[in-house]
Every structure is written in C-alpha cells, then in structure tokens.
Amino acid sequence: MKLDLIILFFSAISFIVYGISSFYSKRMISEYERWGYQKHRIQIAILQLLAGIGLFIGSSFPILLALISSSLFIMMMVAVFVRIQIKDTIINTLPAVFYAIVNFIIFYNSLNMYLSR
C-alpha cells in the first residue's frame with residue numbers, strides 16, 4: 001500500500017473515531033467545555049464524521065479529497081489557535097499540529113493528482 005493511502009486512511013479513521021467519541025465520551029465532552037465549544041460539540045462531531053467518510057470517498061475523487069483535506073487542515077489550525085488561546089501545553093497542542101500537517105500533506109498530494117490528470 002502506498003504511503004499516501006496509509007496517511008489518508010489513518011486520518012480518515014482518526015476523524016471518524018474522534019467524531020464518534022465526541023458524542024459519547026465524558027472526557028471529550030469535558031474537553032469541549034474546556035475549549036469553550038460545548039455548544040458546538042455535536043456540529044463539530046458531525047463534521048468530523050462526514051470529513052472522515054469523505055476522505056475515504058475522496059480517495060477516488062481528487063477534487064473532493066482536496067476540498068475535504070483542506071477543510072480539515074483549516075479545522076486543525078483553528079484547533080491549534082484555540083489551544084494557544086486557552087494556554088494549553090505544547091504536548092496537548094501537538095495532536096492538532098500533527099493532524100494539520102497530515103491533512104495538508106493529503107491536500108497537497110490530492111492537488112498533484114488532480115492536476116496530473
């Protein structure tokens with residue numbers, strides 16, 4: 001399996017699991033409160049679920065993949081800024097940075113796939 005697909009599937013599965021846990025996990029519910037997004041938890045969880053599914057579908061449609069991965073990149077950059085704003089530790093901020101980078105890589109690769117067609 002190509003490294004690009006491994007990265008894509010890793011991100012997709014991560015966002016699906018994260019989205020599901022945002023509905024039910026007491027830890028995640030308290031995290032949304034800590035971040036100041038408790039009123040938007042359900043909407044964010046739904047977006048994460050749809051984006052994770054969209055990454056899978058996008059593996060066959062580069063323009064869809066570019067749209068979804070760029071959206072996830074933006075979402076993760078917002079998460080980084082929120083964590084900076086609430087004065088989270090670097091360790092707590094690193095996952096958002098990591099997923100921003102991963103989704104930027106997916107975005108970049110999807111643009112290359114789309115443009116080389």
Side-chain angles (χ1 to χ4, degrees):
M1 186 179 263
K2 290 177 61 179
L3 183 59
D4 294 348
L5 281 178
I6 292 170
I7 292 170
L8 188 144
F9 289 157
F10 173 78
S11 183
I13 291 167
S14 295
F15 278 98
I16 290 169
V17 169
Y18 200 83
I20 291 170
S21 70
S22 294
F23 285 112
Y24 304 110
S25 166
K26 290 181 193 246
R27 184 179 84 61
M28 288 306 303
I29 292 169
S30 68
E31 283 293 286
Y32 277 92
E33 289 174 12
R34 188 172 70 85
W35 300 330
Y37 284 90
Q38 64 272 15
K39 291 181 181 177
H40 303 288
R41 179 177 54 86
I42 300 300
Q43 295 92 335
I44 294 169
I46 290 169
L47 288 173
Q48 290 170 336
L49 277 170
L50 291 174
I53 294 165
L55 287 175
F56 280 123
I57 296 167
S59 64
S60 299
F61 302 98
I63 195 69
L64 178 63
L65 187 58
L67 178 65
I68 291 169
S69 59
S70 65
S71 298
L72 286 172
F73 168 73
I74 292 167
M75 181 186 284
M76 290 298 93
M77 289 306 298
V78 169
V80 169
F81 289 117
V82 166
R83 288 177 175 275
I84 291 169
Q85 184 180 19
I86 65 170
K87 297 178 178 29
D88 250 353
T89 66
I90 291 177
I91 296 297
N92 287 340
T93 306
L94 282 177
V97 172
F98 173 75
Y99 280 101
I101 292 168
V102 164
N103 282 285
F104 182 80
I105 291 168
I106 295 168
F107 170 69
Y108 180 81
N109 290 339
S110 65
L111 280 183
N112 284 337
M113 286 182 350
Y114 180 73
L115 295 174
S116 67
R117 283 186 157 189

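The basis for the numbers below is simple: all heavy atoms, side chains too, and nothing from hydrogens, waters or symmetry mates.
In this structure, the separation between CD1 on I84 and CD1 on I90 is 9.5 Å, given to the nearest 0.5 Å. One finds the CG atom of L72 at 9.0 Å from the CG atom of L47 (value rounded to the nearest 0.5 Å). Once rounded to the nearest 0.5 Å, the distance linking CD of E33 with CZ of R41 reads 8.5 Å. Distance check, rounded to the nearest 0.5 Å: CG of N112 to CZ of F107 gives 10.0 Å. In this structure, D88 CG and T93 OG1 are separated by 5.0 Å, a value rounded to the nearest 0.5 Å. Atom NE2 of residue H40 and atom CD1 of residue I46 lie 13.5 Å apart, to the nearest 0.5 angstrom.
Counting only distance, with no hydrogens or angles, the side chain of S25 and the backbone of S22 share no donor-acceptor pair below 3.5 Å. Judged by distance alone, with hydrogens and angles left aside, the side-chain atoms of R83 form no donor-acceptor pair with the main-chain N or O of A96 at under 3.5 Å.
Each of L94 and F15 belongs to its own hydrophobic cluster when Ile, Leu, Val, Met, Phe, Trp and Tyr are linked at side-chain heavy-atom distances under 4.5 angstrom. Note on F9 and L3: same hydrophobic cluster, where clusters join Ile, Leu, Val, Met, Phe, Trp and Tyr whose side-chain heavy atoms are under 4.5 Å apart, directly or indirectly. Clustering ILVMFWY residues whenever any of their side-chain heavy atoms sit less than 4.5 angstrom apart, transitively, puts L67 in a cluster other than the one holding V78. Linking ILVMFWY side-chain heavy atoms closer than 4.5 Å, directly or via other members, places F104 and I63 in two distinct hydrophobic clusters. The cluster map of Ile, Leu, Val, Met, Phe, Trp and Tyr, joined by side-chain heavy atoms under 4.5 Å apart, puts Y114 and F61 in different clusters.
A distance of 6.0 Å or more separates the ring centres of Y99 and F73. Aromatic pair Y32/Y37: ring centres not closer than 6.0 Å.
Shortest non-hydrogen contact noted between M77 and A100 is SD-CB, 3.8 Å. Taking all atoms of both residues into account, the shortest heavy-atom contact from I106 to S69 is CG2-CB, 3.6 Å. Scanning both residues, Q43 and K39, for their nearest heavy atoms gives OE1-O, 3.4 Å. Pairing each heavy atom of L64 with each of G54, the nearest pair is CD2-O, 4.3 Å. Between A51 and I68, the shortest heavy-atom distance links the atoms O-CG2, 3.5 Å. Taking every heavy atom of both residues into account, S11 and L55 meet most closely at OG-CD1, 3.6 Å.
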side-chain contact (heavy atoms from CB on, under 4.5 Å) for M76 and F98? Distances and angles first, verdict last.
CA-CA 9 Å; M76 290 298 93; F98 173 75; over 6 Å; no
Take L65 and M113 through the test side-chain contact (heavy atoms from CB on, under 4.5 Å) and record every step on the way to the result.
CA-CA 10 Å; L65 187 58; M113 286 182 350; 4.3 Å; yes
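The local environment of CZ in F23 is crowded, with over 12 non-hydrogen atoms from other residues, nucleotides or ligands closer than 6.0 Å.
Here the side chains of I86 and R34 are in contact, with some heavy-atom distance below 4.5 Å. Taking 4.5 Å as the limit, some side-chain heavy atom of I13 sits within range of a side-chain heavy atom of F56.
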